[in-house]
Asks: 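Structure below; questions to follow.
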Protein chains: 2
Amino acid sequence: MPGSKASEEARRKQILRAAYDVASRKGLAGLTVRHVAAKADLSTGLVLFHFKSKEHLVIALLDYVLETTTVLHLTEDIASIPSPLDRLLALLVREMNRLSAEPRRIRLFFDFWAQGFTHPLIRVRMQAEIDRYREAFRPIAAEVLAAEPDRFSHVTAEGLAAVAVGFIKGCAVQSMIDPKNFDFDEYLSAMQGLVGQLAPGAAV
Amino acid sequence: MPGSKASEEARRKQILRAAYDVASRKGLAGLTVRHVAAKADLSTGLVLFHFKSKEHLVIALLDYVLETTTVLHLTEDIASIPSPLDRLLALLVREMNRLSAEPRRIRLFFDFWAQGFTHPLIRVRMQAEIDRYREAFRPIAAEVLAAEPDRFSHVTAEGLAAVAVGFIKGCAVQSMIDPKNFDFDEYLSAMQGLVGQLAPGAAV
DNA sequence: TCTCGTATTGAACGCTGGACCAATAAGGAG
DNA sequence: CTCCTTATTGGTCCAGCGTTCAATACGAGA
């Protein structure tokens, strides 16, 4: 009765994709080994053959989600923007666009995040991920501070990076639960109105 | 064998407190009727006698959490601050202090928030709650805009209120998962550095 | 072609959770 | 005191879960 075999790596990916599909639809609470197996057209036993337990599967799924999520990086068009503050703003805009572009992925991310409160293995991974995200903002934040040292005398690059992350995650908190009523443009222009004026020659 | 009776209202509150205790420790995933009953020193049947089903209990718990959570309101000391922007900042500071003051409650809040992605009844309540929260910021945001109309020409009070909520929720996203490594003061001074300069006569 | 390791299956086990219910005690009304 | 409503109990049921396992089929190497 067994079906055709497949390589270890291919099977794991197939199962992880199925797990992602289930979890992104039903949430982590609705993620069961049986559902994953059914979605992947495999037996339940095989899922647990490749991932020793459900916990291993969940952690592997988290790693999969974090790996396949676009990491923050400076694209050429953004890097070429002269004003550091405009560069930071352009990055924020791009990240906010991702919120509406792949809501299911972001929701799953936050589902894991909330599970991290009680699950140590998930927690450490989420801590590392958010750290990584904040660190990606730091060099740009540092450039913003360097451009206007007197105005940001008591501000650190770490703090500014944290605020940048806060902008995005805070936007996500509001938009993920209520996409229809959340106005991205309003949020953006309010953000620009707050910080945009600090750049001396910034054309907004 | 039945124990002493109690009034409908008293029993419900007793059960809800037990449910809150369990959920704030173990998370919503660890919330079971049996645990709640045990924590309240009652039989499992009684819990389901007062709350017809577990779902009813969960929704009632959510309402309980939202009701007993301090609503955002202007205290006298904050209302007496002359500069609108300083008033807004003072509010943000107070809300951020609540994040570290009652982390378990906030974590439970976000747990519900994430469950709202897949559970319609939870979702509408969280939408309404976040709306309410944002609306509470709106009048203060409007005063900020009125104080400097030319600088905020394209900014609406709704947008500014949303950004204020974003500041706080974004701070929560980072601090709830990693309280030890998150620096509230750094976050705050970066925030003040960004927006504080906009107030002409603000002494920070 | 034969063989051996292993990927694969489907059924079975044990457990936990929500839900249900007959029996029972409690307390107020008459 | 008696009765009647109902809050309360503990046990039971059943569905669904993660996990285990003997049986089985596949495919590479000899």
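The sequence lines fix the lettering, A, B, ..., with proteins before strands; numbering per chain opens at 1. Keep in mind that the numbers below use all heavy atoms, side chains included, and drop hydrogens, waters and symmetry copies.
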Asks: Please give, in whole Å, the distance from D:dG18 P to A:Ile15 CD1?
Replies: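 Distance, rounded to whole Å: 14 Å.
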Asks: Check this for me: does any side-chain nitrogen of one of B:Arg138 and B:Glu135 sit under 4.0 Å from a carboxylate oxygen of the other?
Replies: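 Counted as a salt bridge, because a side-chain N and a carboxylate O are separated by less than 4.0 Å.
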Asks: For a quick test of reading the model: is some side-chain N or O of A:His35 closer than 4.0 Å to OP1 or OP2 of D:dG16?
Replies: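 No.
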Asks: In whole Å, I'd like the distance from the NE2 atom of B:His50 to the P atom of D:dT6.
Replies: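 From B:His50 NE2 to D:dT6 P: 13 Å.
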Asks: What is the separation between atom CZ on B:Arg11 and atom P on C:dA26, rounded to the nearest whole Å?
Replies: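 Atom CZ in B:Arg11 sits about 13 Å away from atom P in C:dA26.
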Asks: If you assign each of A:Gly45 and B:Ser53 to its closest nucleotide in DNA chain C, which residue comes earlier from the 5' end?
Replies: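 Going by which nucleotide is closer to the 5' end, it is A:Gly45.
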Asks: Take the protein atom CZ of B:Phe51 and the nucleotide atom C1' of D:dA7, then report the distance between them rounded to whole Å.
Replies: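 In whole Å, D:dA7 C1' lies 14 Å from B:Phe51 CZ.
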Asks: C:dA7 P sits how many Å from A:Gln14 CD, rounded?
Replies: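 Going from CD in A:Gln14 over to P in C:dA7 covers 14 Å.
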Asks: Taking CG from B:Leu48 and P from D:dA7, how many angstroms apart are they, rounded to a whole number?
Replies: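 Spelled out: CG on B:Leu48 to P on D:dA7 is 15 Å.
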Asks: Would you mind telling me which of C:dA7, D:dC17, D:dG11 lies closest to the side-chain atoms of A:Phe49?
Replies: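 That would be C:dA7.
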Asks: Above 12 or not: heavy atoms from other molecules or residues under 6.0 Å from CD of B:Glu9?
Replies: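 No, not enclosed.
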Asks: Can you tell me which nucleotide in D:dT9, C:dG10, C:dG17 comes closest to the side chain of A:Ser43?
Replies: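 Nearest to the side chain of A:Ser43 among the choices is C:dG10.
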Asks: Given D:dG18, C:dG17, C:dT8, identify the nucleotide with an atom nearest to the side chain of B:Thr32.
Replies: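 Ranking D:dG18, C:dG17, C:dT8 by closest atom to the B:Thr32 side chain puts C:dG17 first.
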Asks: Between A:Phe110 and A:Phe112, is the ring centre distance below 6.0 Å?
Replies: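 A:Phe110 vs A:Phe112: aromatic centres not under 6.0 Å.
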Asks: B:Leu42 side chain: which of D:dT9, C:dA7, D:dT20 is closest?
Replies: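 Nearest listed nucleotide: D:dT9.
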Asks: Please say whether more than 12 non-hydrogen atoms of neighbouring residues, nucleotides or ligands are located less than 6.0 Å from NE2 in B:His35.
Replies: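 No, the 6.0 Å shell around NE2 holds no more than 12 heavy atoms from other groups.
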Asks: Please tell me which of A:Thr44 and B:Leu46 maps to the more 5' nucleotide of DNA chain D, matching each residue to the nucleotide holding its nearest heavy atom.
Replies: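 The residue closer to the strand's 5' end, by nearest nucleotide, is B:Leu46.
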Asks: Establish, with yes or no, whether the OP1 or OP2 oxygen of D:dT19 is under 4.0 angstrom from a side-chain nitrogen or oxygen of A:Arg34.
Replies: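 Negative; the distance criterion is not met.
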Asks: Using whole Å, what does the distance between atom P of nucleotide C:dA19 and atom NZ of B:Lys52 come to?
Replies: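 About 12 Å, once rounded to whole Å.
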Asks: Measure from the side-chain N and O atoms of A:Arg125 to the backbone N and O of A:Leu62, and report whether any donor-acceptor pair falls under 3.5 Å.
Replies: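 Not at all, since once roles are kept as given, no pair shorter than 3.5 Å links the two residues.
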Asks: Please state how far atom CZ in B:Arg12 lies from atom P in D:dA7, giving the value in whole angstrom units.
Replies: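 Answer to the nearest Å: 12 Å.
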